[in-house]
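So the structure is just underneath, and the comments pick up after that.
Just the heavy atoms: all of them, side chains too, but no hydrogens, waters or symmetry mates, feed the values below.
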2 protein chains.
Amino acid sequence: MDNRSSAGDEAPAEPLNISSDSATASGTSETPFVGERIRELRHRQGLSQRELGRRCGVTNGMISLIEQNKTSPSVALLKKVLSGFPMSLADFFAGVDEGESPPVFFAAHQLKVMDNGTIRFRQLGDHLKGRAMQIMNETYPPGSDTGETMLTHEAEEGGFVIRGRIEITVGHQCTVLGPGDGYYFDSRLPHRFRNIGDETCELVSACSPPSF
Amino acid sequence: MDNRSSAGDEAPAEPLNISSDSATASGTSETPFVGERIRELRHRQGLSQRELGRRCGVTNGMISLIEQNKTSPSVALLKKVLSGFPMSLADFFAGVDEGESPPVFFAAHQLKVMDNGTIRFRQLGDHLKGRAMQIMNETYPPGSDTGETMLTHEAEEGGFVIRGRIEITVGHQCTVLGPGDGYYFDSRLPHRFRNIGDETCELVSACSPPSF
DNA sequence: CCATCGTGTTGAGTATATTTAACACGTGTG
DNA sequence: CACACGTGTTAAATATACTCAACACGATGG
């Protein structure tokens, strides 16, 4: 009935550890910022390790180890610790790797242009990493269509129609918008932009956080 | 020299456990959303537990346990898992307790209008609480001026000029932008918008997070 | 029918997170 | 000086996270 001796169930012939994968995605799984941020938050509130521990139901020793990055706390424990400040998990991780971004102005010809063949996107700025938003000026010729789109990551997007008309479908809702109209929705919902008129449509959109 | 036998070093006469603290701050230290979100993200990418595990260097069994909320992963492991999508810790926790916001379309006459006397702001949506962005269509008559503005809270803002010309000062930088040009800066820097031409200027701006 | 590949789950063993209770150092006081 | 109280750190014990390898179920194909 069973296949216990079947050939290679789970044969990790090679370690497959992160060693070679370390170049992938966002890195090495080390999280030194956790300890630093906890200590900073605690000091800002003028608390000792023991005081904080008593507030949130965690031992002082554990807080010491976390702050020294000698352990990587479980999500559950980290939540307990943060409840002593108080601060949410989202807020804790939100400000982790933000660098101070210098002010920038963009002349029209300096914008990053992406072209779909038909639809043209003019984006504010090139490298969006670390930015809160992706702002674009989009041009839809008559008949153009994005097809059904679905962003994998959590985001919100919205925008204004500048000229022309465009049909927007979000989830099960569908409308045609004209100049001065606007939209705002959760990017995880499937959405589609389609120019069903005979005039080119232009709009300005913003997405937070950036989708790429 | 030492005080090893000192009275009550660390005398937790009462358990002081979370039992009574459970009502404090943001709660019970349970994090059921972690498993749900991981599973959702994995399905959205069409990955099996084993595939995801191989990508990020975590065993399939561990992913199974996480998705069932039978364990609370360490921050380090969660980071490894997310690197398989890829998604940052910040993005993961950012959308944790947001209610699903319904898609919304706004006809031009339904926009919330705010008026400075001279400058007119037409805002996408009314109650911005819980939203990632504040998107506005702004109209600056000739001679209008915001004066020096400084937001107290951390935010970024940017936008496009639709028509007319406007002088924008951010920190120590100053430029005049025309149709098709754009800007993007950190809201904490002092900034000022001024129409020094003889034509009304219109622009679309976005700010994340919303300033009010 | 049995074998093979796929999936997700689970018990046992190992590594590590977390607690408990001590330790070391500094400060003020009798 | 001894002593009480403050801080942060740490060894040993315990609880739990994490891995490894199996198990159970379903689909496909000989």
Side-chain angles (χ1 to χ4, degrees), chain A residues 1-19 29-31 34-36 38-43 45-54 56-82 84, chain B residues 1-19 21 29-31 34-36 38-43 45-82 84:
Chain A
M1 289 306 182
D2 62 294
N3 62 340
R4 41 184 309 198
S5 63
S6 78
D9 186 11
E10 235 62 43
E14 310 186 10
L16 277 170
N17 277 337
I18 335 289
S19 35
S29 86
E30 282 169 21
T31 55
V34 171
E36 296 162 16
I38 293 291
R39 175 158 289 177
E40 180 194 347
L41 288 166
R42 180 172 63 82
H43 282 156
Q45 299 261 350
L47 298 175
S48 71
Q49 292 178 339
R50 281 179 170 79
E51 282 178 88
L52 173 57
R54 215 174 309 112
C56 62
V58 173
T59 58
N60 57 314
M62 192 60 211
I63 292 172
S64 175
L65 293 174
I66 292 173
E67 292 186 353
Q68 295 170 276
N69 292 305
K70 290 190 175 177
T71 184
S72 179
S74 70
V75 173
L77 190 88
L78 180 59
K79 184 179 177 190
K80 276 170 82 173
V81 172
L82 291 177
Chain B
M1 290 307 183
D2 62 283
N3 63 341
R4 43 183 307 197
S5 64
S6 79
D9 188 12
E10 235 61 45
E14 309 187 10
L16 277 170
N17 277 337
I18 335 292
S19 36
D21 283 327
S29 85
E30 283 168 22
T31 55
V34 171
E36 296 163 16
I38 292 291
R39 175 157 288 178
E40 180 194 347
L41 288 166
R42 181 172 63 82
H43 282 156
Q45 299 261 351
L47 298 174
S48 71
Q49 293 178 339
R50 281 178 170 78
E51 284 178 87
L52 173 58
R54 216 173 308 112
R55 285 198 189 192
C56 62
V58 174
T59 59
N60 57 315
M62 192 60 211
I63 293 173
S64 175
L65 294 174
I66 292 174
E67 291 186 351
Q68 296 170 277
N69 291 305
K70 290 191 175 177
T71 185
S72 180
S74 69
V75 173
L77 190 89
L78 180 60
K79 184 180 177 188
K80 276 170 83 172
V81 172
L82 291 177

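Residue-level contact check: B:Ser48 touches the backbone only, with heavy atoms under 4.0 Å from sugar-phosphate atoms and none from bases. If you check every strand for non-hydrogen atoms under 4.0 Å, B:Glu67 touches nothing.
For the pair B:His43 NE2 and C:dT7 C1', the computed distance is 10 Å after rounding to whole Å. Regarding B:Leu47, its CG atom lies at a distance of 15 Å from the C1' atom of C:dG6, rounded to whole Å. Taking atom CG of B:Leu52 as the reference point, atom C1' of C:dT7 lies 14 Å away to the nearest angstrom. Computed from coordinates, the B:Asn69 CG to C:dG8 C1' distance equals 15 Å when rounded to whole Å. Here the P atom of nucleotide D:dA22 and the CG atom of B:Asn60 are 13 Å apart, to the nearest Å. Straight-line distance from the CD atom of A:Gln68 to the P atom of D:dT10: 5 Å, rounded to whole Å.
End-to-end axis angle of the helix from C:dC1-D:dG30 to C:dG30-D:dC1, using five pairs per end and rounding to 10°, comes to 10°.
Annotation for B:Lys80 and B:Cys56: closest pair O-CB, 2.9 Å, computed over non-hydrogen atoms. When all heavy atoms of A:Pro73 and A:Val34 are compared, the pair lying nearest together is CG-CG1, 4.3 Å.
Residues satisfying the side chain to side chain donor-acceptor pair (under 3.5 Å) test with A:Glu36, not counting sequence neighbours, are none. Residues passing the side chain to side chain donor-acceptor pair (under 3.5 Å) test with B:Glu67 are B:Arg39, B:Arg42, B:Gln49, sequence neighbours excluded. Shown here are the salt bridge (charged side-chain N to carboxylate O under 4.0 Å, His left out) partners of B:Glu40, two or more places apart in sequence or in another chain: B:Arg44. Scanning for side-chain contact (heavy atoms from CB on, under 4.5 Å) contacts around B:Gln68 gives B:Ser64, B:Leu65, B:Lys70, with sequence neighbours left out.
Neither OP1 nor OP2 of C:dT7 sits under 4.0 Å from any side-chain N or O of B:Arg42. Proximity of B:Ser64 to the phosphate of C:dG8: no side-chain N or O atom is located under 4.0 Å from OP1 or OP2. Listed pair A:Gln49 / D:dG6 fails the phosphate criterion, with no side-chain N or O lying under 4.0 Å from OP1 or OP2.
With hydrogens and angles ignored, a donor-acceptor pair closer than 3.5 Å exists between the side chain of A:Arg50 and the base of D:dG8.
Of the possible polar contacts, one joining the A:Asn69 side chain to the A:Gly35 backbone as a donor-acceptor pair under 3.5 Å is found. Judged by distance alone, with hydrogens and angles left aside, the side-chain atoms of A:Ser72 form a donor-acceptor pair with the main-chain N or O of B:Ala76 at under 3.5 Å.
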Protein-nucleotides 16-19 of chain C N/O pairs under 3.5 Å:
{"from": "C:dA17", "atom 1": "OP2", "to": "A:Thr71", "atom 2": "OG1", "distance (Å)": "3.3"}
{"from": "C:dA17", "atom 1": "O5'", "to": "A:Thr71", "atom 2": "OG1", "distance (Å)": "2.8"}
{"from": "C:dT18", "atom 1": "OP1", "to": "A:Ser74", "atom 2": "N", "distance (Å)": "3.2"}
{"from": "C:dT18", "atom 1": "OP1", "to": "A:Ser74", "atom 2": "OG", "distance (Å)": "2.8"}
{"from": "C:dT18", "atom 1": "OP2", "to": "A:Ser74", "atom 2": "N", "distance (Å)": "3.4"}
{"from": "C:dT19", "atom 1": "OP2", "to": "A:Thr59", "atom 2": "OG1", "distance (Å)": "3.0"}

*Quick one: do A:Met62 and A:Val81 satisfy side chain to side chain contact (heavy atoms under 4.5 Å, CB included)? Show the steps, please.*
CA-CA 10 Å; A:Met62 192 60 211; A:Val81 172; over 6 Å; no
